[in-house]
Trainee: 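Okay, here's the structure, questions in a sec.
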Amino acid sequence: MDLIEVANTAQDRLHGASCTLDAREMPARLREWAALRDRSTSIREITGGVALRLDAQEPIDQVANLVARESECCAFYTFRLQVEGPSRELQITAGEGREIAVQTLLGLS
């Protein structure tokens with residue numbers, strides 16, 4: 001598969017998904033997600049996306065703020081933040097077959 005085919009396949013998987021964030025704001029937002037990814041203690045694949053295990057000291061209010069802002073511009077993402085005692089996990093999905101959207105958000109692709 002050449003690069004054009006890969007790009008077309010990725011585009012097909014994201015058909016109907018759109019982000020309304022201003023293009024000038026996108027680099028800063030992606031840096032925020034990359035920073036959260038880098039602070040995570042583990043990353044695992046789940047159906048439609050990934051789960052980030054977060055340190056017990058990760059400020060949940062800041063994670064929730066980032067999730068809320070992302071939800072406003074990218075309604076195709078689903079976020080699930082689970083806190084059980086010191087255990088914290090953020091699941092990010094974009095629907096089955098759209099894992100590439102989550103990988104792109106987190107800089108994993």
Side-chain angles (χ1 to χ4, degrees):
M1 192 178 283
D2 65 18
L3 188 56
I4 293 172
E5 287 178 285
V6 170
N8 288 340
T9 300
Q11 189 172 32
D12 290 345
R13 286 189 202 148
L14 296 176
H15 180 71
S18 63
C19 177
T20 61
L21 185 66
D22 186 278
R24 294 171 296 199
E25 297 176 45
M26 198 166 295
R29 178 70 60 81
L30 291 174
R31 283 193 298 274
E32 287 183 80
W33 282 109
L36 182 63
R37 176 206 64 214
D38 291 346
R39 291 191 310 272
S40 69
T41 59
S42 70
I43 300 171
R44 66 182 172 87
E45 292 182 8
I46 59 174
T47 302
V50 300
L52 301 175
R53 176 74 59 187
L54 304 173
D55 186 80
Q57 304 307 310
E58 185 69 39
I60 294 301
D61 59 333
Q62 292 176 17
V63 174
N65 179 276
L66 179 59
V67 164
R69 288 183 288 126
E70 196 65 35
S71 292
E72 289 175 5
C73 65
C74 295
F76 55 91
Y77 287 122
T78 301
F79 299 94
R80 181 172 185 244
L81 181 59
Q82 186 170 342
V83 178
E84 294 180 17
S87 175
R88 297 157 190 240
E89 182 175 82
L90 176 61
Q91 294 181 0
I92 308 168
T93 59
E96 191 169 347
R98 293 182 168 185
E99 292 85 353
I100 193 164
V102 178
Q103 294 167 354
T104 300
L105 177 69
L106 297 172
L108 297 171
S109 61

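In this text, all values refer to a predicted model and were calculated from it rather than measured experimentally.
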Trainee: Looking only at non-hydrogen atoms, find the nearest pair between Phe76 and Ala101 and report the distance.
Mentor: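 Of all heavy-atom pairs spanning Phe76 and Ala101, the closest is CE1-CB, 4.0 Å.
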Trainee: Taking all heavy atoms of Ile43 and all of Val50, pick out the closest pair and write down the distance.
Mentor: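 Distance-wise, the nearest heavy atoms are CG2-CB, 4.2 Å.
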Trainee: Out of curiosity, Ile92 CD1 to Tyr77 OH, how far, rounded to the nearest 0.5 Å?
Mentor: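 The CD1 atom of Ile92 sits 8.0 Å away from the OH atom of Tyr77.
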Trainee: Nearest heavy-atom pair of Arg24 and Pro27: which atoms, and what distance?
Mentor: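 Heavy-atom minimum between the residues: O-CD, 3.7 Å.
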Trainee: Does some side-chain heavy atom of Val67 sit less than 4.5 Å from a side-chain heavy atom of Leu81?
Mentor: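 When only atoms from C-beta onward are counted, Val67 and Leu81 do not touch, as no gap falls below 4.5 Å.
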Trainee: Looking only at heavy atoms, which two atoms of Arg80 and Gln82 are closest? And how far apart?
Mentor: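 Nearest pair, atom of Arg80 first, then Gln82: NH1-OE1, 3.2 Å.
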Trainee: Ignoring hydrogens and angles, tell me if any N or O in the side chain of Arg88 forms a donor-acceptor pair with the backbone of Ala56 under 3.5 Å.
Mentor: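 Yes; at least one donor-acceptor contact below 3.5 Å.
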Trainee: For the residue pair Gln57 and Asp55, what are the closest heavy atoms and their distance?
Mentor: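 Scanning both residues completely, I find the closest heavy atoms to be N-OD2, 2.8 Å.
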Trainee: Is the count of non-hydrogen atoms from other residues, nucleotides or ligands lying under 6.0 Å from Glu32 atom CD greater than 12?
Mentor: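 Enclosed.
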Trainee: With sequence neighbours excluded, what pairs up with Arg29 under the side-chain hydrogen bond (donor to acceptor under 3.5 Å, both in side chains) test?
Mentor: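 Arg29 satisfies side-chain hydrogen bond (donor to acceptor under 3.5 Å, both in side chains) with Glu70 once adjacent residues are dropped.
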Trainee: Is the count of non-hydrogen atoms from other residues, nucleotides or ligands lying under 6.0 Å from Arg69 atom CZ greater than 12?
Mentor: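 Counting other residues, nucleotides and ligands, CZ of Arg69 exceeds 12 neighbours.
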Trainee: So, for Cys19 and Cys74, which heavy atoms are closest and what is the spacing to 0.1 Å?
Mentor: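 What the structure gives for the nearest pair is SG-SG, 3.1 Å.
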Trainee: Examine Ile46 and Leu52 and state if one hydrophobic cluster contains both, with Ile, Leu, Val, Met, Phe, Trp and Tyr joined whenever side-chain heavy atoms are less than 4.5 Å apart.
Mentor: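 Not linked; separate clusters.
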Trainee: Does any N or O in the side chain of Thr41 come within less than 3.5 Å of the main-chain N or O of Arg53, such that one atom is a donor and the other an acceptor?
Mentor: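 Judged by distance alone, yes, a pair lies under 3.5 Å.
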Trainee: Report all side-chain donor-acceptor pairs from residues 102-109 shorter than 3.5 Å, counting only partners two or more places apart or in another chain.
Mentor:
{"from": "Thr104", "atom 1": "OG1", "to": "Ile100", "atom 2": "O", "distance (Å)": "2.8"}
{"from": "Thr104", "atom 1": "OG1", "to": "Ser109", "atom 2": "OG", "distance (Å)": "3.3"}

Trainee: Between Glu58 and Arg39, is the closest basic N to carboxylate O distance under 4.0 Å?
Mentor: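 Salt bridge flag = yes for Glu58 with Arg39.
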